[in-house]
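Structure incoming, see below.
We're numbering straight along the sequence, starting at 1.
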Amino acid sequence: MPVSCVNLESDAYLVCLTHALSTEREEVMGLLIGEVDENSVVHISAVIVLRRSDKQPDRVEISPEQLSDASTKAERLAQDLNRPMRVIGWYHSHPHITVWPSHVDVRTQAMYQMMDDNFVGLIFSVFNEDKNSKHNRIQVTCFQAIPSNGYGGSEHERYEVPLKITPSSAIGWECLEALVALPGILKQEEEEAYHNASASVPPEDLIARVHNSAVYTKSLCHVMEVLSGPIMTTLENRLEINRIRCQYLERQKELLKQKLARYST
């Protein structure tokens, strides 16, 4: 039985979208942490960004070690918040293509649901140009896998789950940590790709080594341009909003003190 609805907190949505917009050349992926209520509604409140060991334009995979580490993090988060949190889903990006899951995505989703019936999948379609407006549009869908009706030769087909973005007044510390860690994770991916490329180059091939170094430097500059700057701007804006809110609360506090003093006299 598919879940009835998914509520995605806005700060978790921010982390997923920022990750999806970090590259238009390959897909990215992460895991979703949340809980399920008695009405089969999934509530997602945290995100774990995964480091890719193999960057591909049309697929992305989770290693068993990453899934195990994510489960451990979810258990720690559940203890800290005193809530039944667990790994409840996954997300990945579709750069330059439709938001709808491929047959591989549906098959992967069906595999996850064998471990947890409530497991859900999110897909972020990014860098996909609208044919009419010529502007890049962002789309997101939530889905599960259900048994196929027999057409198309596939065992499962997608079931679109209603998705709601729920607003939050402040970014949670677990989402803040994921957002701040994102540039470092992408840097690790570029370092690994650089070392793998350099390992196959003979020491005497200076041109190839200079080329690999230039590609690596360009990739790091790209991470700084598309992530570090926007993330810093976002955090500065959040800080300013928090400052204004604190001033408002201080004024309300003084007003309450004045009212209390009048009632006391």
Does some side-chain heavy atom of Thr18 sit less than 4.5 Å from a side-chain heavy atom of Leu182?
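Contact flag for Leu182/Thr18 side chains = yes.
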
Of Glu191, Glu225, Lys187, the residue whose pairing with Leu220 passes side-chain contact (heavy atoms from CB on, under 4.5 Å)
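It is Lys187; the other options fail the test.
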
How far does CH2 of Trp100 sit from CD1 of Ile123, to the nearest 0.5 angstrom?
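Answer for the CH2-CD1 pair, Trp100 versus Ile123, is 9.5 Å.
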
Does one hydrophobic cluster hold both Leu235 and Val47, with members joined at side-chain heavy-atom distances below 4.5 Å?
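Yes, Leu235 and Val47 fall within the same hydrophobic cluster.
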
Shortest non-hydrogen contact between Pro202 and Arg209, atoms and distance:
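Result for this residue pair: O-NE, 3.5 Å.
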
In Å, rounded to the nearest 0.5 Å, how long is the span from CG of Leu249 to CD1 of Ile244?
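Leu249 CG to Ile244 CD1: 12.0 Å, rounded to 0.5 Å.
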
Return each pair, listed once, that meets ring pair (Phe, Tyr, Trp, His ring centres under 6.0 Å) where at least one residue sits in residues 205-246; pairs must be two or more places apart or across chains.
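Output for this query lists Tyr194-Tyr216.
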
What is the distance from atom CG of Leu176 to atom CG of Asp11, rounded to the nearest 0.5 Å?
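So the gap between those two atoms works out to 9.5 Å.
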
If we only count heavy atoms from C-beta on, is the Leu17 to Val140 side-chain gap below 4.5 Å?
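No. Closest side-chain heavy atoms not under 4.5 Å.
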
In this structure, are over 12 heavy atoms from other groups packed under 6.0 Å from Met224 atom CE?
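No - once you tally the heavy atoms of other residues, nucleotides and ligands closer than 6.0 Å, there are 12 at most.
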
Any side-chain heavy-atom pair of His96 and Glu24 under 4.5 Å
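Side-chain contact under 4.5 Å: yes.
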
For atom CZ of Arg245, is the number of surrounding heavy atoms from other residues, nucleotides or ligands below 6.0 Å larger than 12?
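It does not: Arg245 CZ has 12 such atoms or fewer within range.
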
Please report the interatomic distance CG(Leu77) to CD(Glu174), rounded to the nearest 0.5 Å.
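If I round to the nearest 0.5 Å, the distance is 5.5 Å.
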
Has Asp205 got a side-chain atom pairing as donor or acceptor with Val201's backbone, closer than 3.5 angstrom?
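A pair under 3.5 Å: no.
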
Give a yes or no on this: more than 12 heavy atoms of other residues, nucleotides or ligands lie within 6.0 Å of atom CE of Met114.
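Count not over threshold, so no.
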
Carefully, step by step, assess Leu179 and Leu14 under the rule side chain to side chain contact (heavy atoms under 4.5 Å, CB included).
CA-CA 8 Å; Leu179 193 64; Leu14 172 65; 4.2 Å; yes

Any idea which heavy atoms bring Phe119 and Val87 closest together, and the distance?
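That would be CE1-O, 3.7 Å.
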
With rounding to the nearest 0.5 angstrom, report the NE2 to CE distance, His43 to Met85.
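The NE2 atom of His43 sits 10.5 Å away from the CE atom of Met85.
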
Look up atom CZ in Arg238 and atom CD1 in Ile241, then write down how far apart they are to the nearest 0.5 Å.
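It is 6.5 Å, given to the nearest 0.5 Å.
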
Does a salt bridge link Glu35 with Arg86, judged by any charged N lying under 4.0 Å from a carboxylate O?
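The answer is no: the pair does not qualify as a salt bridge.
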
Do Asp116 and Tyr112 have side chains that get closer than 4.5 Å, going by heavy atoms?
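No, every pair of side-chain atoms sits at 4.5 Å or beyond.
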
Could you check whether any side-chain heavy atom of His156 comes within less than 4.5 Å of a side-chain heavy atom of Ile146, counting everything from C-beta outward?
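No. Closest side-chain heavy atoms not under 4.5 Å.
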
Does the side chain to side chain contact (heavy atoms under 4.5 Å, CB included) test come out yes or no for Val28 and Ser22, once each step is laid out?
CA-CA 8 Å; Val28 300; Ser22 65; 4.1 Å; yes

So does Leu255 have more than 12 non-hydrogen atoms from other groups sitting under 6.0 Å from CG?
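Counting neighbours around CG of Leu255, more than 12 heavy atoms of other residues, nucleotides or ligands fall under 6.0 Å, so yes.
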
For the residue pair Ser102 and Asp105, confirm or rule out a side-chain donor-acceptor distance under 3.5 Å.
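Present: a donor and an acceptor within the cut-off.
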
Is Arg251 salt-bridged to Glu254, cutoff N-O under 4.0 Å?
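Looking at Arg251 and Glu254, the cut-off is not met.
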
Got a donor-acceptor contact below 3.5 angstrom from the Thr166 side chain to the Asn7 backbone?
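No: the side chain of Thr166 does not pair with the backbone of Asn7.
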
Answer with yes or no whether the hydrophobic clustering places Val106 together with Val161; edges join I, L, V, M, F, W, Y residues whose side-chain heavy atoms lie under 4.5 Å apart.
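Hydrophobic grouping puts Val106 apart from Val161.
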
Evaluate side chain to side chain contact (heavy atoms under 4.5 Å, CB included) for Ile88 paired with Leu31, printing each intermediate quantity in order.
CA-CA 8 Å; Ile88 199 63; Leu31 294 172; over 6 Å; no

Determine whether Cys5 and Lys164 make a side-chain contact, defined as any pair of heavy atoms from C-beta on separated by less than 4.5 Å.
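Cys5 vs Lys164: side chains touch.
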
Examine distances only and state if a side-chain atom of Ser10 and a backbone atom of Ser168 form a donor-acceptor pair shorter than 3.5 Å.
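The answer is yes, because a donor-acceptor pair under 3.5 Å joins these two groups.
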
Smallest separation among heavy atoms of Pro95 and Glu27, with atom names:
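It is CD-CG, 3.9 Å.
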
Tell me the closest heavy-atom pair linking Ser4 and Val41, and the distance in Å.
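Shortest heavy-atom contact: OG-CG2, 3.4 Å.
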
Can you name the closest pair of heavy atoms from Ser40 and Val3 and give their distance?
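Heavy atoms only, the tightest pair is O-CB, 3.4 Å.
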
Is the number of heavy atoms from other residues, nucleotides or ligands within 6.0 Å of CG (Asn39) greater than 12?
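Yes - once you tally the heavy atoms of other residues, nucleotides and ligands closer than 6.0 Å, there are more than 12.
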
Show, in sequence, the C-alpha distance, side-chain angles and deciding distance for Asn128 and His94, and conclude whether the side-chain hydrogen bond (donor to acceptor under 3.5 Å, both in side chains) test is met.
CA-CA 9 Å; Asn128 195 14; His94 275 187; over 6 Å; no

Verify the cluster assignment for Ile44 and Ile165: are they in a single hydrophobic cluster under the rule of side-chain heavy atoms below 4.5 Å apart?
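Shared cluster, yes.
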
Measure across Leu50 and Gly30 and return the closest heavy-atom pair with its distance rounded to 0.1 Å.
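Answer, listing the atom of Leu50 first, then Gly30: CG-CA, 3.9 Å.
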
Salt bridge or not for Glu192 and Arg51, using N-O below 4.0 Å?
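Result for this pair is yes, salt bridge flagged.
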
For residues Leu21 and Met232: do they belong to one hydrophobic cluster (side chain heavy atoms under 4.5 Å, members Ile, Leu, Val, Met, Phe, Trp, Tyr)?
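Shared cluster, no.
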
Does the side chain of Ser45 reach to within under 4.5 Å of the side chain of Glu9, using non-hydrogen atoms?
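They are in side-chain contact.
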
Hey, mind stepping through Gln113 and Gln109 against side chain to side chain contact (heavy atoms under 4.5 Å, CB included) and telling me if it holds?
CA-CA 6 Å; Gln113 286 178 222; Gln109 175 64 30; 2.9 Å; yes

Look at the side-chain heavy atoms of Ile, Leu, Val, Met, Phe, Trp and Tyr, link any pair under 4.5 Å apart, and say whether Val223 and Val180 land in one connected group.
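Both belong to a single hydrophobic cluster.
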
Contact check, side chains of Thr23 and Leu186, non-hydrogen atoms, under 4.5 Å:
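Contact flag for Thr23/Leu186 side chains = no.
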
What is the ring orientation for Trp90 with His92, classed by angle as parallel under 30°, tilted 30 to 60°, or perpendicular over 60°?
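Because their plane-to-plane angle is under 30°, the rings of Trp90 and His92 count as parallel.
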
Please name all residues satisfying ring-ring contact (aromatic ring centres under 6.0 Å, His included) with His19, sequence neighbours left out, ordered by chain then number.
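Only Tyr91 meet the ring-ring contact (aromatic ring centres under 6.0 Å, His included) criterion with His19.
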
